[in-house]
Peer 1: 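Quick one: this structure, given as structure tokens, is what I'll be asking you about.
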There are 2 protein chains.
Amino acid sequence: MAKRADRPADPLKLIGLLWREQPPAPRSGITTRQVVALAVDLADREGVDAVTIRRVAEEAGVTAMALYPHIGGRSELLELMFDHVAGQTYERAPAPVAAHWRERLEAVARANWAACVRHPWITDLSPGRPAPGPGTSAKYETELRALDGIGLSEVEMDQTLTALLALVTGAARAAVAAHRVREHSRTSDTEWWRAIEPALAAAMGDSDRFPVAGRVSRAVGESTGRANDAEGAYRLGLSLLLDGLAGVVEGRRA
Amino acid sequence: MAKRADRPADPLKLIGLLWREQPPAPRSGITTRQVVALAVDLADREGVDAVTIRRVAEEAGVTAMALYPHIGGRSELLELMFDHVAGQTYERAPAPVAAHWRERLEAVARANWAACVRHPWITDLSPGRPAPGPGTSAKYETELRALDGIGLSEVEMDQTLTALLALVTGAARAAVAAHRVREHSRTSDTEWWRAIEPALAAAMGDSDRFPVAGRVSRAVGESTGRANDAEGAYRLGLSLLLDGLAGVVEGRRA
DNA sequence: ACCTGAACACCGTTCAAGT
DNA sequence: ACCTGAACACCGTTCAAGT
């Protein structure tokens, strides 16, 4: 959750900022690109909420108001940051070019999961109509190529990609949130539950109102040491989704 | 994206607020339950960002500071709101009790999709370690029962549910975000693209750098009239996931 | 015990003024 | 053309003071 999404980014202004090659050589020596990189670093270290205009300006060594010509406004800055990290998704990870489509899609999922681990704050941003920037466009192209030529229609390619990314991002979100609570309280999940349990039991009145949930929670706690296993959910979910896709693809080939 | 997630909710304070039966009969006549219901209505109408302490207090007819004993703080209020709507997920929708597990899981997905449509702001909230409140607990129990007795281990039940909800929520998030932009600009996606295209083409320099993306975008635009079909992605993704699960379940029965 | 008013330390953004 | 300082209209939250 970030601050002030009140005003959505102005699309036309944003496109100008996203695609412009020549920064307007300002007095202060700052460029859009540099400011965005600074903001991304800040978000990596302290989260989106730390990315305030004033704070970014301070890091850039200018006043807050000097930033506006370079970044538009806070909403536009967030979109620029999003496009920036989107463009880096397949820089460190190998491009998904394996021979078998299943390996390619697994590489896509892995790269997106890694991006969420490296930049946890992107799970806080609403994707919305994805920013039509250079980074996002390149990422989309790379990912669609992994899905191309396996017998799906164009619409199915887009829907499959959206579904796969929804699964990865959704699970990553849960993992990130759990990790934050864990870090914040400096306790493991089991410790946390032990601390919480007396208050909870007293409040619930001990009645076994949630038998299946209780049984599952105990099993998950014992086997993973955590209240939820988001990464396991991601792996299993991906595997099921790809199994389903294999059925469709092979069904058509026959 | 909402305001101020800086401070996470205090777990023990939160549990007290979530489970207490007897509101402390205050002078003003307001109760935690009423304030939460008011805040949910406000969020439904104007989004999470409109849910400020001052604004909610105004709606409740008290000063901002009078709210604190009832809701803890803003973070806790958001968790209370989340638990409130979680508890309503299966009130309007029929409980997932069909004979076949596939129908039960489809009902689970449908109910969660409907909740996101009714309360779009819940897609802005980080789920995190889910608030251990009465609503969330009841929802979890209902959903696990839909997965019980079909041959999965407890850990697999939890992971499957998490994956399914990640898929539904992730797709719903994209759908909500697209809907917001559409509503804000009062234009359809195709109109929006037409307005954007000249600026974009000029910026990109017409070079066909994204051939597959271009081909897919055109096809999606022609067949759905939209830039993205999040609902289609949800349907297809769910169907593939359940196909995959059917393979696992049937494989074990044999 | 509960509520209030004033205050504190923040926000994003505007706008006239400087260079 | 770019940057600055001051200001505006907000935030969440604290805290002493009232009843």
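Residue numbers start from 1 in every chain, and the chains themselves are labelled A, B, ... in the order their sequence lines are given, proteins ahead of strands. As the structure is a computational prediction, the values presented were derived from the model and not from experiment.
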Peer 1: Please confirm whether the shortest side-chain N or O distance from A:T63 to OP1 or OP2 of D:dT4 is below 4.0 Å.
Peer 2: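 Checking A:T63 against D:dT4: at least one side-chain N or O falls below 4.0 Å of OP1 or OP2.
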Peer 1: Figure out the CD1/P separation between B:I30 and C:dC2, and round it to whole Å.
Peer 2: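 Taking CD1 of B:I30 and P of C:dC2, I get 11 Å after rounding.
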Peer 1: Between B:R45 and B:E59, does at least one N-O distance fall below 4.0 Å, as a salt bridge requires?
Peer 2: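 Between B:E59 and B:R45 there is a salt bridge, with a charged N closer than 4.0 Å to a carboxylate O.
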Peer 1: Report the distance from atom CD1 of A:I71 to atom C1' of D:dC3, rounded to the nearest whole Å.
Peer 2: 15 Å
Peer 1: B:M65 has an atom CE; how far is it from atom P of D:dC15, in whole Å?
Peer 2: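 My rounded result for the distance is 14 Å.
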Peer 1: Toss me the dot-bracket line for DNA chain D: Watson-Crick and G-U wobble, both under 3.5 Å, 5' to 3', using | for pairs to another strand and [ ] for crossers.
Peer 2: ||.|||||...|||||.||
Peer 1: Do A:T136 and A:D83 meet the criterion of a side-chain donor-acceptor pair at a distance under 3.5 Å?
Peer 2: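 Judged by distance alone, the side chains do pair up.
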Peer 1: Going by an N to O cut-off under 4.0 Å, is there a salt bridge joining A:D124 and A:R180?
Peer 2: yes
Peer 1: For A:I53 and D:dC11, what is the distance between atoms CD1 and P respectively, to the nearest whole Å?
Peer 2: 18 Å
Peer 1: When you compare the side chains of A:Y234 and B:Q159, does any donor N or O come within less than 3.5 Å of an acceptor on the partner?
Peer 2: no
Peer 1: Between A:R54 and A:E58, does any NZ, NE, NH1 or NH2 come within less than 4.0 Å of an OD or OE carboxylate oxygen?
Peer 2: no
Peer 1: Kindly give the heavy-atom pair with the smallest separation between A:W113 and A:A175, and that separation in Å.
Peer 2: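 Residues A:W113 and A:A175, closest heavy atoms: CH2-CB, 3.9 Å.
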Peer 1: What integer distance in Å separates B:L77:CG from D:dT13:P?
Peer 2: 10 Å
Peer 1: Reckon A:Y68 has a side-chain N or O less than 4.0 Å from the OP1 or OP2 of C:dT14?
Peer 2: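 No, outside the criterion.
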Peer 1: Measure from NZ on A:K13 to C1' on C:dT13 and round the result to the nearest Å.
Peer 2: 10 Å
Peer 1: In whole Å, I'd like the distance from the CZ atom of A:R54 to the P atom of D:dT4.
Peer 2: 14 Å
Peer 1: For A:R55 and C:dC10, what is the distance between atoms CZ and P respectively, to the nearest whole Å?
Peer 2: 11 Å
